[in-house]
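Inspection log for the structure reproduced underneath, given as structure tokens.
Along the sequence shown, residues are numbered consecutively beginning with 1.
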Amino acid sequence: MSVARKALDDSAGTILNVLVIGANRGIGLEILKSFKSRGWNVTGTIRPQTRNDESFGDLKNTGAEILELDYLDENTIEKAVIDYGDKPLDILVNVGGLPPSPKPWQEQTNEMMVEKFRVMAVGPFLAIKHFLPKLEMAKQPRIANISSAFGSLSTNAFGTCMAYRAAKAALNQNSVTLAREWEKEGRNITIICMEPGFLSTRLTDFDGEDDMEICIGGVMEVIDNITHDHNGGFFKWDGSTIPF
């Protein structure tokens, strides 16, 4: 099921709240800027140590609220929930991640696989878990987990980047599992995974071939137009479906 364009009736006359985790550079920063340009109440997160990185200034200059959150430290996630305040969270975007490299299977290590799993699968899950009460305060809460086509088992035609692929596949599985369990529990939350495109960012060592503006625009359109019928889906930035 692709994501078709629709009119958002839940935003008419209402300023909505969005939280972008991993927002100081790259894809996260561009998504945050897009929401900010629409007049949303936007909050972005950084890791505590990122305040010393030049990218912190880029995030600060957007005028967004800033929270400290590290996927590897659950205490920072719990504190971020408190610091977020007593207001609804309409959209949560999990972006933070680690590089796809190295490519050869021989270079994959125990430490690398565990770290990527913790950052790209466990961390987003913990953020969702702890921000759930804020999401359930919203009228039509949505979660977009920035994943990768590398997390698709059925489209893996050439291998490489094993630790990265495994972590993104785990993120996808967590998302689908939450979608199914929440449906049984009667929770009105829509969660999807997204492939944002092969983009040139610091995370990829500026190795990319897709256009940032076009892809981020597509990501925003998908987030705009998802409904509960798309719950548990896996979508490319252009709205097409990616098989798991």
Using every non-hydrogen atom in the two residues, find where Ala121 and Asn174 come nearest and quote the distance to one decimal.
O-ND2, 3.4 Å
If Ile, Leu, Val, Met, Phe, Trp and Tyr residues are connected whenever their side-chain heavy atoms lie under 4.5 Å apart, and connections chain through other members, are Met220 and Ile214 in the same group?
yes
Contact summary for Gly233 and Phe244, nearest pair of heavy atoms:
C-CZ, 4.2 Å
Just do the side chain to side chain contact (heavy atoms under 4.5 Å, CB included) check on Trp237 and Val222 with the steps written out, would you?
CA-CA 7 Å; Trp237 61 267; Val222 171; 6.0 Å; no
Give me the atom names and distance for the closest heavy-atom approach of Ile77 to Ala127.
CG2-CA, 3.9 Å
Can a donor-acceptor pair be found between the side chains of Asn24 and Thr50 at a distance below 3.5 Å?
no
Note: Cys215 and Gly197 closest approach over all heavy atoms is SG-CA, 4.2 Å
Is the closest side-chain heavy-atom distance between Leu132 and Arg187 below 4.5 Å?
yes
Using the rule that Ile, Leu, Val, Met, Phe, Trp and Tyr join whenever any side-chain heavy atoms are under 4.5 Å apart, tell me whether Ile216 and Ile226 fall into a single cluster.
yes
Asn231 vs Ile191, test: side chain to side chain contact (heavy atoms under 4.5 Å, CB included). Steps then yes/no.
CA-CA 5 Å; Asn231 199 27; Ile191 181 170; 3.5 Å; yes
Test your reading of the model: is there a side-chain donor-acceptor pair from Asn156 to the backbone of Gly159, 3.5 Å cut-off?
yes
Keeping Ser152 on the side-chain end and Pro243 on the backbone end, is there a donor-acceptor pair under 3.5 Å?
yes
Under 4.0 Å between a side-chain nitrogen and a carboxylate oxygen: does that hold for Arg180 and Glu183?
yes
Short question: side chain of Gln108, backbone of Pro102 - any donor-acceptor pair under 3.5 Å?
yes
Would you mind reporting whether Ile143 and Phe131 have side-chain heavy atoms less than 4.5 Å apart?
no
Close side-chain approach of Met194 and Ile223, heavy atoms under 4.5 Å
yes
Taking Leu171 as the starting point, is it possible to reach Leu135 by hopping between hydrophobic residues whose side chains are less than 4.5 Å apart?
no
Could you tell me whether the side chain of Met137 reaches within less than 4.5 Å of the side chain of Asp86, counting heavy atoms only?
yes
I need the Glu213 CD to Glu30 CD distance, nearest 0.5 Å.
9.0 Å
Taking a hydrophobic cluster as the set of Ile, Leu, Val, Met, Phe, Trp and Tyr residues connected by side-chain heavy atoms closer than 4.5 Å, whether directly or through intermediates, do Ile189 and Leu126 fall within one such cluster?
yes
One should read off an interatomic distance between Gln106 CD and Met162 CE, to the nearest 0.5 angstrom, of 9.0 Å
Heavy atoms, side chains only, cut-off 4.5 Å: are Thr177 and Phe125 in contact?
no
Do Glu107 and Met112 have side-chain heavy atoms sitting under 4.5 Å apart?
no
Side-chain donor-acceptor contacts of residues 57-72 below 3.5 Å, not counting sequence neighbours, with atom names and distances?
{"from": "Asn61", "atom 1": "ND2", "to": "Gly57", "atom 2": "O", "distance (Å)": "3.1"}
{"from": "Thr62", "atom 1": "OG1", "to": "Leu59", "atom 2": "O", "distance (Å)": "2.6"}
{"from": "Thr62", "atom 1": "OG1", "to": "Ala64", "atom 2": "N", "distance (Å)": "3.2"}
{"from": "Glu68", "atom 1": "OE2", "to": "Arg51", "atom 2": "NE", "distance (Å)": "2.6"}
{"from": "Asp70", "atom 1": "OD1", "to": "Leu72", "atom 2": "N", "distance (Å)": "2.9"}
{"from": "Tyr71", "atom 1": "OH", "to": "Asn94", "atom 2": "OD1", "distance (Å)": "2.7"}

Let me see the working for Val219 and Val93 under side chain to side chain contact (heavy atoms under 4.5 Å, CB included), right down to the final yes or no.
CA-CA 11 Å; Val219 167; Val93 187; over 6 Å; no
Distance in Å, Asn145 CG paired with Met120 CE, rounded so as to fall on 0.5 Å steps
12.5 Å
Which atom names give the shortest non-hydrogen contact between Pro100 and Lys116, and what distance separates them?
O-CE, 4.5 Å
Counting only heavy atoms not in Arg118, do more than 12 sit closer than 6.0 Å to its CZ atom?
no
With Lys36 via salt bridge (charged side-chain N to carboxylate O under 4.0 Å, His left out) - residues at least two apart
none
Check this for me: Glu185, atom CD, are more than 12 non-hydrogen atoms of other residues, nucleotides or ligands nearer than 6.0 Å?
yes
Rounded distance [0.5 Å steps], NZ in Lys87 versus CG in Asn41:
7.5 Å
Inter-residue atom distance Glu195.CD - Lys236.NZ, 0.5 Å rounding:
7.5 Å
Go through it in stages, so that I can follow the logic: the residues are Val18 and Asp90, the test is side chain to side chain contact (heavy atoms under 4.5 Å, CB included), and I'd like the CA-CA distance, side-chain angles, deciding distance and then a yes or no.
CA-CA 6 Å; Val18 60; Asp90 296 279; over 6 Å; no
Measure the OG-CD1 distance between Ser175 and Ile128 for me, rounded to the nearest 0.5 Å.
6.0 Å
Measure the shortest side-chain to side-chain distance between Phe150 and Lys168 over non-hydrogen atoms and say whether it is less than 4.5 angstrom.
no
Shared hydrophobic cluster, Met212 / Phe35 (ILVMFWY, side-chain heavy atoms < 4.5 Å)
yes
Taking C-beta and beyond as the side chain, do Ile242 and Phe235 meet within less than 4.5 Å on heavy atoms?
no
Nearest heavy-atom neighbours spanning Ser147 and Pro196
O-CD, 3.6 Å
